Every structure is written in C-alpha cells, then in structure tokens.
Amino acid sequence: MKIVHHALLPSTPGAQFELVSLHFGTPGTGPKAALQAALHADEIPALLVAHHLRERLAELEAAGRIVGEIVLVPAANPIGLSQRLLQAPQGRFETGSGENFNRHYADLAADAAARIGEPLSGEAADNVARVRVALRAAAAALPARSALQSLRKTLLGLAIDADIVLDLHCDNDALLHLYTATPVWPQVEPLARLLGARAVLLAAESGDHPFDEACSMVWPALAERLGAGPARPLPPSCIAVTVELRGENDVDHALAARDAQALIDYLVTCGVIAGTPPALPPALCEATPLAGCMPVIAPRGGVLAWRRHPGDRLAAGDAVADLIDPFSGELSVLASPVDGLFFARECRRFAIAGMSVGKVAGAQALRQGKLLSA
Ligand SMILES: [Zn+2]
C-alpha cells in the first residue's frame, strides 16, 4: 500500500488541510477502481467501511490479488470534517460558500476533446486509452483558486481515469440504496445485488454535476463530441455509483465488514481483484427513476412522530407521520405522495415548514429539473 498526501490550497495562511489516498496494485497493469468515503464528511458509515476496506485491500495486495490498481480515499473531505457550528457537525455544505461538497464537479468533455486532437481510430482500446490520457490532463489543468476547488480538483484527478468509481455516502435514517446514471445501470446491477440494495435511483442527469456523474457521463459526452460510432468506437468506460450506506447512525463493525466484502466481491466481478466471481444473490429491488423519488414535505413546523419505517411499502395517501403543533395541539397527518418504497427519513424529530422529511421511491418519473436534494 502506497500512501500519498495531497496538500489542499489553504483558505487562510496556516489553515492547511490534506487529503490522503491509499494506492494498491500497479497502475496500468489492469483495470482501475477508485473508491472514496464520506464526501459529505460526517457520513460515518462510509468512514468505517473504508477502514475495513483498507485492511482487506492490504491483505489482498500482499496475496498478489490486485490485478490492476485500486485507489481508496478513506476520508474524502477533511474540510467538512473540521466544520462545526454550535457543536453540530456540518459536513454537507462548505460553510463559507454554502455549496454542497458533492456538486459542481467539472465537466471535462470539452477540454479533453480539445486535447485529443487526431480523430478516433478504429480500435476501441486505443481510443479509450487516449481519452484517459486527455481526461487526466484536463483534470490536472483545472483551476484551484479556493480550498473547495482544490478538494474537488484533487478528488476528480484521483478518479477520472478509473474504470470503476464507488462514492460511499449515507443518508439520515435509511435503507441501503444507490444512485447511478441510467446508461451504466446494467454494469451496476451486480453491485446492487451484492450489497443488498433496497432501492436504486436512476437518472441520465440529476443536476448540478455530482461526483459520480462527472466521472461516468463524460464518456458519452466525449463520444458525441468526437463523432464516435461503429467505425470509430468509444465505449462508455467508467462505471460510477453513489452508494448510500443506510443511515448516519448505522455505524457497526458487522455491517461495515459485510459492506466491504460486497464491494470487494464486486471488484472481483469486474476483474480488478483476482478470484472466482461470487454467485450473485437475488436482487432485492428494481431500479426506479430518480425523478420518481418523491419527498414527503412538512407543510409547517412541528413534532414529527413517525407512523411508518424505512422499508415499508406505501400507497399514495397512506399516513406516514403525524406532525404536531406543540402550541395549539393541532395534529396533521403527512401522507405518502405516491405508491412506492419508503426508503429514507429524517433523523431529527422536529420539522420546520417546507422541510423534506422523508423519501418514497415511486416507479413513475414525476419530477423535472434538479433531482437531488439540496
Ligand atoms: Zn452524502
């Protein structure tokens, strides 16, 4: 295991953060996988899974089983990890700018296309290799004028040339679920089965360029820009997934060890780790559109007393929670907006007006525009 320290641009003199990446195997000898944990900083289940992965990958490397290269960023957001406001962790948004740490990753398609220059050849493998060189150069040329930009640039640089990108997060109180781009879903399906995912949310473009889409969707964008086709093939060559490792309090060695094993089994399936691919367990869900993932909104503030739990199947109109005004005693019922799986809810038990307090995965694409929560 090689450990690399990446100094981030300090926001102010003396405020120096660094990112650490762990490198297993040998670059260029096979496929590359890039994994990162807790881009939203205080999503601790991801940090624990990364800890288990670090140990397991070191063992696999010692046994000579890493075929290509695996990069693991065990804590992807040192800036967010340091942020606290009145004792509460603040890992989702950079407090200076208010920007979500998992948005606004650079679209490298235009820059990479310009760097490729010569037309694509008739050999897919040659074209993929040329695109990877161009993507690395484009990521290296990104500006880093703030600490946040410097973090985004460093993370993208570590993952942009990978065949597989696994971005490990968690939700508030939730079942294990995945977000991925619709075109890569067939390649992600084994991962969903190995992890026992209970929901998979698909979008071609979810809005504001989260990390996984910056890595995977640059390939179809480049294919279009470079005029790829049967004579000049450029297959999509990055499978990128946002893995939501249940809820923020699901920090448990047994769960983390199981999740780490599932991720390793997926890397075996993809040929990054040598071994016999495991038999795939049955799928626990069908993929549904991210545009069909409907929020349960609190119309006003109040005590949130849940009637239903993540994992419950709901019909539109089913009561999900009571919202109680502690001043008047008035009770109103929050109902499921659609038929679907209730898969995530708030940890806090007091809602404010307009707050999204739960998510129901429905089969119909009902929303448009930016599809991810803030
Ligand atoms: Zn997250």
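In each ligand, atom 1 is the first atom listed, and ligand 1 is the first ligand listed. Since the model is a prediction, treat every value here as computed from it, not as a measurement.
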Check for me whether the distance between the ring centres of His169 and His40 falls short of 6.0 Å. yes
For the Zn ion (ligand 1), check which protein N, O or S atoms are under 2.8 Å away and list them. His40 ND1, Glu43 OE1, Glu43 OE2, His169 ND1
I need the Leu168 CG to Leu263 CG distance, nearest 0.5 Å. 6.0 Å
Which heavy atom of Cys238 sits nearest a heavy atom of Trp219, and at what distance? CB-NE1, 3.5 Å
Less than 4.0 Å between a side-chain N and a carboxylate O, is that true for Asp250 and Arg246? no
Apart from Val67 itself, which Ile, Leu, Val, Met, Phe, Trp or Tyr residues share its cluster (side-chain heavy atoms under 4.5 Å, direct or through members)? none
Using a strict 4.0 Å threshold on nitrogen-to-oxygen distance, state whether Asp161 and Lys32 make a salt bridge. yes
